[in-house]
Engineer: 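Take this structure, written in structure tokens, and hold onto it; I'll ask about it next.
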Amino acid sequence: SGSRKQDRPSHPHVRLRFFPSAMDVTAPKKSSTGKGAPKPKNVAPKRKPGSTDEGSGQQKRVAGKGAGGPGKKGGGLAKPGDKAKEHHAKVAHSHKEQKDLKSQRKQARNSNFTLLSQLKAHWEVARQKECEKQKRRDTISEMMKLMQGKIKEIVFQHDSARVVQTCIQYGTPEQRTVIYTELKDSILELCKNKYSRFIVPKMLLYGSKPQREHIVSLFYGRVRQMLQHRIAAEVLELAYSDYANARQRAALVEEFYGPQFRYFKSEHTQTLKEIAAAHPEKLPKILEHLKTTLVPLFAKGTSTHDLVHRVLNEYIQFCSKEDREEVFENIRENLVSLVHTRDGARVAMRCIWESSAKDRKAIVKSFKETSVQIATQDHGHLVLLALFDAMDDTVQVKKFVLAPLSAGVSELVGSKSGVKLLLYLLAPRSSKHFLPETVEVLKQGDGNEFSKKDAAVRQAELVDGILPALTAYATEHAGDMLKEGQNAQLVLELALHPKAKKTELLQALAALFVSDAAENGASHRVLRKIITEDVKTDEGVPFAELVHEHIKEDLLDLVGSNRGAFVVVAVYEHAPAPTAQSIKQRLSPLMDTLPPSKGLELLASLFETGTDSARAPKQPAKPAVAASANGGPAGKAKQSKRKAEEEEKENKEEEEKHTAVAAPGAVEEDGIAGTEELSGGEQSQGGGTAEQEGEAEQEQEQEQEEEEEAVAPTTKKSKSTAAKKGKTPKRKTAPARAKSITPVAGRTRSARSKP
């Protein structure tokens with residue numbers, strides 16, 4: 001036993017342990033007692049002085065002689081390609097045998113193995129989007145022939161379930177009815193299987209209305225059990241949200257109220273509010289049952305379903321404050337799973353309003369990763385608006401909500417709900433952008449016990465967290481934003497906001513006039529509004545001046561269109577005086593050569609007046625001259641006003657007199673009473689009655705003469721008759737028709753008066 005240094009090989013690059021045949025080391029024999037020196041490993045013989053590499057324990061490999069000695073096959077180093085080919089051949093042979101053996105085992109285990117193989121071959125053709133319609137119809141027909149009568153047996157397997165879905169999607173109504181008939185008694189089993197559960201939504205989507213109603217009715221009495229099943233709960237949620245009508249939804253919700261509503265269905269469904277109003281004695285039992293039902297659902301992880309949100313929203317409206325706090329304690333850190341539905345958003349908003357400052361911090365932190373997603377949801381963005389109104393710690397809101405929103409401002413601008421959120425930060429609860437119903441919902445959180453900061457201060461602090469990113473994005477994409485009506489309003493609010501850094505933004509907006517921005521409806525209105533509001537850059541330059549710098553080269557082309565002319569009018573009215581004078585000097589000689597338009601007419605009228613209303617100095621109001629004893633301007637005005645009032649009073653009195661004397665002189669024509677108009681200004685009340693009687697006699701004489709002679713004009717006769725009686729004939733008007741027929745005493749139907 002030498003030292004470790006002597007045991008090493010003579011050459012540093014030779015690893016003799018890989019070549020055991022080249023080692024000439026003899027291990028000592030063990031003694032009969034089992035003792036002895038251990039067998040050395042990888043020990044090279046000592047190298048004699050003057051020896052070469054041939055005597056160092058290595059042997060040269062000669063062709064035809066391998067490690068096993070001369071005369072044996074495979075001598076020398078084997079080529080790596082030969083062994084690899086032999087290995088792959090064995091593996092391929094074994095794979096084929098394994099595949100055949102696997103097929104045999106499947107066929108022995110599944111009696112429908114051959115049928116499934118044929119169906120999958122047809123399915124690969126029918127499921128392709130590029131497949132021709134006629135070819136797909138023929139393929140579906142072949143598949144229906146193969147599996148008819150055996151659909152229920154094969155539907156619970158992963159491959160055959162996809163085959164049935166394809167037949168429902170592309171099949172005819174008759175083929176869908178065949179599938180529905182075979183599976184209608186197994187709908188609940190299909191809902192609980194991880195493969196066949198996808199067939200039920202297909203039947204709801206492509207099935208007929210009676211089939212859809214029957215499927216939903218099968219869920220009656222089993223809502224709680226299905227919600228506690230992870231797979232079946234998704235099917236129930238889809239049926240409730242997308243396919244059930246209002247009556248069916250109410251019937252499904254009723255099952256949470258207790259066994260009475262679960263097993264005894266009625267045609268007239270009731271909400272919890274209606275039940276509380278009609279039967280208040282039942283409310284405590286219902287609330288207790290709801291509490292015991294909802295708690296396990298949140299523990300099960302089914303709090304994301306719309307059905308659960310509906311029940312939860314009803315529960316928190318009627319339960320006590322202690323029970324409501326218990327519910328909020330369970331959902332406070334998981335509000336993200338509620339905000340995507342209408343009822344869930346209402347629950348989340350109320351949870352924010354009734355949470356303390358410490359709990360609100362936990363809520364804000366849970367929104368960090370999903371702030372952009374929540375802001376772009378139809379109902380979720382309302383939750384963030386409620387958070388902006390309620391939370392006093394604006395630093396936390398900026399850190400966990402506004403910072404992600406600033407990073408994703410492009411997604412917000414591309415979403416209707418996201419733009420609403422940005423508008424709320426710039427103009428909170430503005431009636432121009434928000435419906436009264438939305439404002440009323442947000443007002444429910446005003447005055448909560450945990451919000452102490454003034455609302456104006458809170459909003460001013462929050463807007464600082466979004467203004468820089470929003471201004472930078474609007475400056476870069478001003479042209480694209482102005483093409484959309486809602487985004488154009490966002491640009492307008494941003495340009496009008498007093499805290500925004502708007503120099504670069506206004507320069508970008510002014511540059512748009514070189515393009516066709518002035519001809520677009522939305523951008524045209526917004527740009528004119530910015531001009532008329534006298535918006536200025538941070539350095540005090542009016543926006544109208546910036547616009548003039550960009551349009552002065554193409555002023556004639558801009559005035560040639562109606563909208564462009566209105567833009568020039570706005571610039572002329574609100575630009576500084578030298579700029580307005582230069583516009584007038586350039587356009588005045590060419591007004592007759594330009595195409596006519598309303599904008600051009602308005603511009604011409606401004607040129608004629610010589611000054612515009614915006615820049616014209618306002619004339620001070622003249623002081624009123626006090627009325628003196630001799631009269632003056634003020635005294636004369638009062639006298640004329642008093643005279644007009646007196647005349648109006650006299651006219652009213654005359655009309656009342658005419659009404660009072662109308663009854664004796666009433667004239668009946670074809671059974672309808674009429675009245676004659678009286679002047680009333682020349683005679684007294686009694687004189688008017690006598691005149692009426694004279695006119696009645698005159699009219700009778702005229703009618704008789706017309707019937708007998710029908711030749712002489714009635715006007716001449718009436719004048720002569722009136723002259724004999726000393727009366728002045730008056731111009732008659734058409735008698736007003738009365739609402740009720742009133743007979744006149746002493747008159748007959750033969751005595752008629754013609755209008």
Engineer: Would you mind reporting whether L442 and F434 have side-chain heavy atoms less than 4.5 Å apart?
Structural biologist: no
Engineer: For the residue pair E476 and E504, establish whether any side-chain heavy-atom pair is separated by less than 4.5 Å.
Structural biologist: no
Engineer: Run the numbers on L307 and L236 for side chain to side chain contact (heavy atoms under 4.5 Å, CB included), then give the verdict.
Structural biologist: CA-CA 9 Å; L307 178 59; L236 177 63; 4.1 Å; yes
Engineer: Using 4.0 Å as the upper bound for N to carboxylate O, is an ion pair formed by E314 and R310?
Structural biologist: yes
Engineer: Can you see whether S241 engages E237 through a side-chain donor-acceptor pair at a distance of less than 3.5 angstrom?
Structural biologist: yes
Engineer: Ion pair present between E189 and K192, side-chain N to carboxylate O less than 4.0 angstrom?
Structural biologist: no
Engineer: Tell me, with the steps shown, if L492 and Q489 meet side chain to side chain contact (heavy atoms under 4.5 Å, CB included).
Structural biologist: CA-CA 5 Å; L492 176 61; Q489 293 298 319; 3.9 Å; yes
Engineer: Should the pair R360-D393 be classified as a salt bridge under the 4.0 Å nitrogen-to-oxygen rule?
Structural biologist: no
Engineer: Taking all non-hydrogen atoms of both residues, which atom of V535 and which atom of K502 are closest, and how far apart?
Structural biologist: CG1-CD, 3.9 Å
Engineer: Verify, without hydrogens or angle tests, whether H289 (side chain) and P259 (backbone) share a donor-acceptor contact under 3.5 angstrom.
Structural biologist: no
Engineer: Which heavy atom of C191 sits nearest to which heavy atom of V235, and what is that distance?
Structural biologist: SG-CG1, 3.6 Å
Engineer: Stepwise, does the side chain to side chain contact (heavy atoms under 4.5 Å, CB included) test hold for Q165 with W123?
Structural biologist: CA-CA 10 Å; Q165 293 178 52; W123 175 67; over 6 Å; no
Engineer: Does S196 reach the main-chain N or O of L190 with its side chain, forming a donor-acceptor pair under 3.5 Å?
Structural biologist: yes
Engineer: State, yes or no, whether a side-chain contact exists between E354 and N448 at a heavy-atom distance under 4.5 Å.
Structural biologist: no
Engineer: At what distance, to the nearest 0.5 angstrom, does CG of L425 lie from CG of L470?
Structural biologist: 9.0 Å
Engineer: Quick check: closest heavy atoms across V339 and A348, and the distance to 0.1 Å?
Structural biologist: CG1-CB, 4.1 Å
Engineer: Quick check: are there more than 12 heavy atoms from other residues, nucleotides or ligands sitting under 6.0 Å from CD of E333?
Structural biologist: no
Engineer: About how many Å separate CG of L422 and CD of E493, when rounded to the nearest 0.5 Å?
Structural biologist: 11.5 Å
Engineer: Nearest 0.5 Å please: distance from the CG atom of L494 over to the OG1 atom of T475.
Structural biologist: 7.5 Å
Engineer: A side-chain contact here means heavy atoms from C-beta on lying under 4.5 Å apart; do Q157 and Y195 qualify?
Structural biologist: no
Engineer: Once rounded to the nearest 0.5 Å, what's the spacing between atom CD1 of I352 and atom CG of L384?
Structural biologist: 7.5 Å
Engineer: Is K398 atom NZ crowded by more than 12 heavy atoms from other residues, nucleotides or ligands, each under 6.0 Å away?
Structural biologist: yes
Engineer: Within 45 degrees of the axis of the six-membered ring of F256 and under 6.0 Å from its centre: does R224 put its NZ or CZ there?
Structural biologist: no
Engineer: Please check this pair: side chain of Y257 against backbone of L272, looking for a donor-acceptor N/O pair closer than 3.5 Å.
Structural biologist: yes
Engineer: Knowing that exactly one of K453, K443, R458, R429 qualifies, which makes a salt bridge (charged side-chain N to carboxylate O under 4.0 Å, His left out) with D389?
Structural biologist: R429
Engineer: Within 45° of the six-membered ring axis of Y315 and under 6.0 Å from that ring's centre, is NZ or CZ of K291 located there?
Structural biologist: no
Engineer: Is the backbone N or O of D359 less than 3.5 Å from a side-chain atom of S355, with the two atoms forming a donor-acceptor pair by type?
Structural biologist: no
Engineer: Do we see a donor-acceptor contact under 3.5 Å between the side chains of T503 and E539?
Structural biologist: yes
Engineer: Return the minimal non-hydrogen interatomic distance between A478 and L509, and the atom names on each side.
Structural biologist: CB-CD2, 3.9 Å
Engineer: Any side-chain heavy atom of V200 within less than 4.5 Å of one from L238?
Structural biologist: no
Engineer: Side chains of R332 and C351, heavy atoms from C-beta outward: is any pair under 4.5 Å?
Structural biologist: yes
Engineer: Got a second to check how far R230's CZ is from Q228's CD, nearest 0.5 Å?
Structural biologist: 14.5 Å
Engineer: So, for L462 and L402, which heavy atoms are closest and what is the spacing to 0.1 Å?
Structural biologist: O-CD1, 3.3 Å
Engineer: Report the C-alpha separation of Y240 and V253 in whole Å, then their side-chain angles, then the decisive distance to 0.1 Å, and conclude whether the side chain to side chain contact (heavy atoms under 4.5 Å, CB included) test is met.
Structural biologist: CA-CA 10 Å; Y240 173 83; V253 172; 3.9 Å; yes
Engineer: Is it true that K265 and E255 make a salt bridge, defined as a side-chain N closer than 4.0 Å to a carboxylate O?
Structural biologist: yes
Engineer: Using modelled atom types only, decide if a donor and an acceptor are shared between the side chain of K416 and the backbone of Q486 within a distance under 3.5 Å.
Structural biologist: no
Engineer: Considering all heavy atoms of both residues, which atom of I140 and which atom of G171 are nearest to each other, and what is their separation?
Structural biologist: CG2-CA, 4.2 Å
Engineer: Is there a donor-acceptor pair under 3.5 Å between the side chain of R197 and the backbone N or O of A232?
Structural biologist: no
Engineer: Once rounded to the nearest 0.5 Å, what's the spacing between atom CG of L287 and atom OG1 of T292?
Structural biologist: 10.5 Å
Engineer: Between S217 and E213 (side chain of the first, backbone of the second, donor and acceptor by atom type, cut-off under 3.5 Å), is there such a pair?
Structural biologist: yes
Engineer: Assess R212 against Y243: is NZ or CZ under 6.0 Å from the centre of the six-membered ring, and within 45 degrees of the ring's axis?
Structural biologist: no
Engineer: Under 3.5 Å, is there a donor on one side chain and an acceptor on the other for H214 and Y180?
Structural biologist: yes
Engineer: So, the side chain of D343 versus the backbone of H309: is there a donor-acceptor pair under 3.5 Å, distance only?
Structural biologist: no
Engineer: Can you tell me if R346 uses its side chain to pair, donor with acceptor, with the backbone of T341 under 3.5 Å?
Structural biologist: no
Engineer: Can you confirm whether more than 12 heavy atoms, excluding those of Q317, are under 6.0 Å from its CD atom?
Structural biologist: yes
Engineer: Less than 4.5 Å apart, side chain to side chain, heavy atoms only: is that true for S410 and Y473?
Structural biologist: yes
Engineer: Spell out, as yes or no, whether a donor-acceptor pair under 3.5 Å connects the side chain of S356 to the backbone of F450.
Structural biologist: no
Engineer: Taking the side chain as everything from C-beta on, heavy atoms only, tell me whether Q248 gets closer than 4.5 Å to Y220.
Structural biologist: yes
